[in-house]
Amino acid sequence: MANPNKPNWASIGEWAISFAKDWENAKSEKSEGHNFIQAFLRVFGHTSNVGEFEKPVTTPDGRTNYIDFYWKDKIAIEMKSRGKRLDRAFEQLSHYMECLPEGETPPNLWMVSDFEHIYIYDNSTKQETYFKTNKLRKHIKYFAALIGEEPEPIHSDKGAVDLKATAKMNKLFEALQDRHYKGHELEIYLARLLFCLFADDTGIFPQNTFYNYILASSEKGTDLDARLNQLFQDLNEPLDERVPNPYLSDRVDPSHFRHINGGLFEKQIRHATFDKKMRLTLLECLEFDWSMINPAIFGSMFQGVMDTDHRREIGAHYTTEENIKKLIDPLFMNELRKEFNSIKKKANQKALSEFHNKLANLKFLDPACGCGNFLIIAYRELRELELEVVREEFRLTKGNAHQLLNIETHFKVNVDQFYGIEILSWPCQIAKTGMWLMDHLCNMEASEEFGKHFARIPLEKGAEIRCANAHRIDWEELVPKNQLSYILGNPPFIGYSNQSHEQKEDILLTCLDEKSKPIKNIGKIDYVAAWYYRASKYIQGTQIRVAFVSTNSITQGEQVAAVWKPLFDMFGIHIDFAYRTFKWSNEAKGKAAVHCVIIGFSTVEGIEKVIYDDVSAKASAININPYLVDAKNIWIENRRAPICKVPEMISGNRPADGGHLIIEDKDLQGFIKADPLSKKYIKRFMMGDEFINNKKRWCLWLVGVAPSELKKMPEVMRRVIACRKDRQNAPDVGRRKLASTPTLFREQIVPSHYLAIPVVSSERREYIPMGYLGKVTVLGNSMFVIPTATLYHFGILTSSVHMAWMRAVCGRLELRYSYSKGIVYNNFPWPEAKDKQQEEIEKLAQGILDARALFPKSSLADLYDPLTMPRELLRTHHALDSAVMKLYGFAMGMSEPEIVAELMERYQALVIDTGK
């Protein structure tokens, strides 16, 4: 074959296939290295004279060594015999690069190989990758510099590789959609293509079989639809029952397309029309090495068809493997690994066999499985543990695994142990396909381990994925509860205001009390709570354990009592483990931004309870309550008045004006100039943001202004008219009633001196900034006001004790604290203090105000930023904290969870004592 001076990528791909075939079973001693390198260079249209074999380099100690092949500014190659360690070969090549003559820059591309594998390193980006030589065609563009082109970046990061595959698949998805191929047929079509792409790189089909089949199609793509549909029909039938495939060329053996079965290729669907561009897109997908892809991310490949609004509508949050393992490890894997290690340590063959059978009989249900991420990762983890079990079985029996005729009989865990429910059809298809592909990867690993081919093809078993609304079917029809071991997953999170009519109906049908009536405050709970109810009811009388990822809102504020009290009272569940609030990242493009908790629960007794703040920070607990604190189960419900004898807290003034009574600072002077009489009716206006960041905003405060005075102010009147119009057109009745008083805020509360507390504050701050203001400032409704608060009250509220309580029971906006009077303030158990003790707290509280006053140009945001908080202020806060701890009788070394647990005990005692 005569290579052109600069071959195209199609030709290079063909030569790479030939190269792989030639060297697959060839001699692979070090002496053959030159021949291997020469053949490798021919793939890219070069002869060996472009570089230098055995390039000498001199080491610092004066010895001469030789680089197997060196092409200045292009590539350096070092060869080793088959089976030799490539890490050591790379260390050797790296050392040679350091020994190049002074002034000579090493090439960017370094390569080492043992004939069977190729490792490449980009010296400019410090990225690396490793692949089998028979996969060279999939990686040829990393070597683009050899033909004078910009190389494709090497990705060491597995996540980057997954995203690259996702981008390729989405490109094909969008191309098919553009040709009006949509709906359920498109979902099936792409699942089939995905299977074939994966099969071509993982040994289900011999390497490049599917690639050659597509490559043989018309360059215009006109026959590709018929070609693919014929292939899909073939894959659904045994070889001896197929009609001859007219599209098979001499390059493709019909037997290479094995009978797949499993229902994936069973349904007849209409042809998808292709053109030249789409054919090239499919070939681009075939350039990628799909054996490198984790089947758990297949769902994110199809997320491109769902825009952000639709994802939010169904509550979809695609999940990283790291976060999935946060759930499955404490739910079952940690316990199973511990049991296996105990058996292994005792070398008990009978116990090992019983444990293996136990693994094969476990059953799992994800009742909101989406694309199957949790099921796929759970299956892989279980198979990895089974591989260890089989390895140990052979060790104990002193068997020789490499003499086995059939290793399949030794692997008992299978995909039919896994069940899912999903409301949308396309994720069901992807979940089932992803499970098959993960099964095949696990079988490949077993094959490599024991040196025997192991593949469950044709597909005889599959995960049972039911397309249905999980709240409208009986879960026992899918899997009887006396057979199930674990329930797990990531159900949709949707706040009540964002729920569809059907989702509200789901909650009404599911979240019922003992009298089959909707639970109290049902209109305030998140959609995810419905899965907690269904699961709690389902597991009655069983040993089933459950764990769900959930929005953190169900462990905060008003939702805690609404969601959890009926579950504890009616079903007798308890929390086994929990991850406190963390940011939930995912595998999908346009990541859904959510803040989550993980909660494991059951009715099983004797389980060691654990609370995690992250993977490495965990603590054993006696009892985990729904606030995810090691304390008794209590229910802090919305309270209208404080449970202790302290001043009442009230909300700030809601403008309810459409912005017409508010004046931005940049507009103030212009407004006064246009309407000079308005100046005496303008007050400083503060919402939480203005209070914390010392921003300036203003408002028209027209309380008590005479009508005749108003009419002398045309700009003010224009704003008043606009406010009335906004209120008249408001959707709710209450606001429309305010149209009769368009000069006023909904409330008109401006005490002469008061304590101000922002509703929302950053979770980064150790203390919520709060402070005193006067009647010259109007506080908005994102602030709370305590009109008669003394320095003593300020001191207790700004202490670390109150902050611990607030962090445990408040609601959250993302991770930010959302303070409330009904939950946080009114339920807070205040300490008993004598006059002298109160005076001490007041003195220390004044010290905090004095410390702030030392920095008059700094905002509260500046003063309470953990990175910039002045030492003087921090010292006074710590002094106050110590005094308040002492007042409560708390030991100085108590942790925040311990403080919260003690406060909850006191709260419960107050509820009993007061009868409130």
Side-chain angles (χ1 to χ4, degrees), residues 158-159 161-162 165-166 169 190-205 260-264 288-302 318-325 327-329 332-333 336 359-360 362-366 369-390 407-408 411-420 422 427-449 453-465 486 488-490 587:
K158 186 69 166 62
V161 174
D162 288 345
T166 298
M169 203 65 191
L190 279 175
R192 291 175 178 179
L193 284 177
L194 184 61
F195 184 92
C196 291
L197 291 167
F198 193 87
D200 211 37
D201 286 328
T202 59
I204 296 176
F205 306 154
I260 301 303
N261 200 19
L264 179 59
F288 193 80
D289 186 355
W290 292 88
S291 66
M292 300 170 63
I293 303 304
N294 180 354
I297 67 103
F298 287 159
S300 67
M301 292 184 178
F302 294 87
Y318 293 87
T319 317
T320 63
E321 181 175 324
E322 176 189 4
N323 283 333
I324 292 171
K325 292 183 73 174
L327 184 148
I328 66 174
D329 281 349
F332 61 91
M333 284 307 305
L336 291 174
L359 295 184
L362 295 175
K363 291 194 175 182
F364 303 79
L365 169 65
D366 184 344
C369 71
C371 293
N373 304 36
F374 280 79
L375 297 176
I376 291 168
I377 296 299
Y379 180 66
R380 186 199 65 193
E381 294 295 295
L382 205 63
R383 283 294 304 270
E384 287 184 357
L385 179 58
E386 184 187 33
L387 183 61
E388 291 187 55
V389 170
V390 174
I407 64 168
E408 183 173 350
F411 287 88
K412 303 175 183 180
V413 175
N414 211 324
V415 290
D416 63 344
Q417 296 171 230
F418 290 76
Y419 300 82
E422 168 55 36
C428 293
Q429 190 66 60
I430 298 305
K432 196 164 187 175
T433 304
M435 288 291 286
W436 278 326
L437 298 185
M438 180 56 80
D439 179 61
H440 185 67
L441 287 180
C442 294
N443 296 340
M444 286 177 63
E445 186 178 4
S447 299
E448 189 168 332
E449 171 82 17
H453 181 67
F454 172 25
R456 289 170 172 154
I457 304 292
L459 303 172
E460 295 179 352
K461 297 179 179 180
E464 180 67 36
I465 311 296
Y486 300 98
L488 69 164
N490 177 18
E587 303 282 15

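- Closest heavy-atom contact between Leu327 and Gly489: CD1-O, 3.8 Å.
- Residues Phe195 and Leu437 have side chains in contact (heavy-atom distance under 4.5 Å, counting atoms from C-beta outward).
- For Cys371 against Ile376, the heavy-atom pair with the smallest separation is O-CD1, 4.0 Å.
- Summarising the geometry, atom CD belonging to Glu386 is positioned 12.0 Å from atom CG belonging to Leu336; distances are rounded to the nearest 0.5 Å.
- Remark: side-chain polar atoms of Ser447 are paired, donor with acceptor, to backbone N or O of Phe454 under 3.5 angstrom.
- Taking the side chain to side chain donor-acceptor pair (under 3.5 Å) definition, one finds that Tyr419 meets it with Lys363, sequence neighbours left out.
- Atom CD1 of Ile260 is separated from atom CH2 of Trp436 by 9.5 Å, given to the nearest 0.5 angstrom.
- In this structure a side-chain-to-backbone donor-acceptor pair under 3.5 Å is missing from Asp366 to Leu375.
- At least one side-chain heavy atom of Asn443 sits less than 4.5 Å from a side-chain heavy atom of Arg383.
- Within the 4.5 Å cutoff, no side-chain heavy atoms of Glu449 are placed close to those of Glu445.
- A distance of 8.0 Å separates CG of Leu459 from CG of Asp439, quoted to the nearest 0.5 Å.
- For the pair Glu422 (side chain) and Gly370 (backbone), a donor-acceptor distance under 3.5 Å is present.
- If you take CG on Leu362 and CD on Gln417, they are separated by 6.5 Å, rounding to the nearest 0.5 Å.
- Contact record, Ser291 with Leu441: O-CD2, 4.4 Å, taken as the closest heavy-atom pair.
- Shortest non-hydrogen contact noted between Ala446 and Phe411 is CB-CZ, 3.6 Å.
- No side-chain heavy atom of Met435 sits less than 4.5 Å from a side-chain heavy atom of Ile465.
- Side chains of Lys325 and Glu381 form a contact here, defined as non-hydrogen atoms less than 4.5 Å apart.
- Heavy atoms only, all atoms of each residue included: Gly462 and Lys432 are closest at CA-CE, 4.5 Å.
- Of the listed residues (Tyr379, Phe332, Phe374), just one forms a ring pair (Phe, Tyr, Trp, His ring centres under 6.0 Å) with Phe364, and that residue is Phe332.
- Take Asp200 and apply the side chain to side chain donor-acceptor pair (under 3.5 Å) test, not counting sequence neighbours, and it matches no residue.
- In this structure, Leu382 CG and Phe418 CZ are separated by 5.0 Å, a value rounded to the nearest 0.5 Å.
- A donor-acceptor pair under 3.5 Å is absent between the side-chain atoms of Arg380 and the main chain of Cys442, judged by distance alone.
- Across Ala360 and Lys412, no two heavy atoms sit closer than the pair CB-CB, 3.6 Å.
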Would you please test Tyr486 and Ile328 for side-chain contact (heavy atoms from CB on, under 4.5 Å) and show each step? CA-CA 10 Å; Tyr486 300 98; Ile328 66 174; over 6 Å; no
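- The distance from the CD atom of Glu322 to the CD1 atom of Ile377 is 12.0 Å, given to the nearest 0.5 Å.
- Taking the side chain as every heavy atom from C-beta outward, Gln429 and Leu264 approach each other to under 4.5 Å.
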